[in-house]
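All remarks here apply to the structure that follows.
These numbers were taken from a predicted model, which means no experiment stands behind them. Computed over heavy atoms, backbone and side chain alike; hydrogens, waters and symmetry mates excluded.
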Amino acid sequence: MPSRGARQEDSTVLVPSDNSTPDKESLSSKIKEQKIVVDELSNLKKNRKVYRQQQNSNIFFLADRTEMLSESKNILDELKKEYQEIENSEKTKIKK
């Protein structure tokens, strides 16, 4: 079972539960993934169900769509902020 994305057969969206970011490349890919999650949640009809994956498990729980959208946007903002910090630190190293 996939951990994120839309499933057409039952019209659900799954949100990733991890947010660890070791380096710039993986951070960039996580930002792209999170943008897709936010977009999917934003475009869902109000009657669609959203499930959250239990951390370190294959168990999914029903979640509130608006709360998940808000949380996903916050995660995206944090990832962007962290990416920007990495870029700024790299620019500082290059200047020195």
Side-chain angles (χ1 to χ4, degrees):
M1 182 177 276
S3 62
R4 59 184 67 80
R7 298 185 329 184
Q8 292 180 350
E9 65 270 10
D10 59 358
S11 302
T12 61
V13 172
L14 307 175
V15 180
S17 59
D18 64 315
N19 58 0
S20 58
T21 53
D23 65 350
K24 190 175 177 181
E25 288 179 15
S26 67
L27 187 59
S28 178
S29 67
K30 288 186 182 205
I31 289 172
K32 289 177 186 176
E33 289 176 11
Q34 198 63 32
K35 283 181 180 179
I36 292 169
V37 170
V38 169
D39 189 50
E40 290 285 339
L41 287 169
S42 298
N43 291 315
L44 276 180
K45 293 181 181 178
K46 293 188 179 199
N47 63 343
R48 301 297 186 195
K49 294 180 180 179
V50 177
Y51 293 90
R52 173 191 293 273
Q53 184 175 9
Q54 179 69 24
Q55 197 169 17
N56 300 324
S57 173
N58 288 331
I59 300 173
F60 294 84
F61 293 99
L62 189 61
D64 182 55
R65 185 182 59 84
T66 54
E67 286 179 18
M68 293 304 299
L69 178 59
S70 175
E71 185 177 317
S72 295
K73 285 180 179 180
N74 290 338
I75 291 170
L76 179 60
D77 291 341
E78 290 173 16
L79 289 171
K80 285 180 178 179
K81 192 181 299 181
E82 191 171 338
Y83 185 83
Q84 190 64 39
E85 289 172 1
I86 291 172
E87 277 195 333
N88 290 342
S89 67
E90 287 178 355
K91 288 179 183 177
T92 305
K93 289 178 183 177
I94 293 172
K95 288 181 180 180
K96 289 183 179 180

Excluding sequence neighbours, so at least two apart, what forms side chain to side chain donor-acceptor pair (under 3.5 Å) with [X]?
| X | value |
| --- | --- |
| Q84 | N88 |
| N74 | none |
| D77 | none |

With sequence neighbours left out, what residues match [X] under side-chain contact (heavy atoms from CB on, under 4.5 Å)?
| X | value |
| --- | --- |
| S28 | K32, Y83 |
| T66 | D64 |
| K46 | R65 |
| S57 | Q54, I59 |

**For E67, salt bridge (charged side-chain N to carboxylate O under 4.0 Å, His left out) partners two or more places apart** = none

**Complete:** The salt bridge (charged side-chain N to carboxylate O under 4.0 Å, His left out) partners of E85 (sequence neighbours excluded) come to none

**Prompt:** Is F60 reachable from L62 through a run of I, L, V, M, F, W or Y residues, each pair having side-chain heavy atoms under 4.5 Å apart?
**Reply:** yes

**Request:** Mind running side-chain contact (heavy atoms from CB on, under 4.5 Å) on I75 and E71 for me, showing each step along the way?
**Result:** CA-CA 6 Å; I75 291 170; E71 185 177 317; 4.2 Å; yes

**Request:** Return the minimal non-hydrogen interatomic distance between Q34 and L79, and the atom names on each side.
**Result:** CB-CD1, 4.1 Å

**Complete:** d(L41 CG, S70 OG) to nearest 0.5 Å is 10.5 Å

**Complete:** To the nearest 0.5 Å, atom NZ of K45 lies from atom CG of N43 at 11.5 Å

**Message:** Whether the D39 and S42 side chains hold a donor-acceptor pair (N or O, under 3.5 Å, no angle test) is what I'd like checked.
**Reply:** no

**Message:** Taking the side chain as everything from C-beta on, heavy atoms only, tell me whether I86 gets closer than 4.5 Å to E90.
**Reply:** yes

**Message:** I want to check something: taking the side chain as every heavy atom from C-beta on, are K30 and E82 in contact at a cut-off of under 4.5 Å?
**Reply:** no

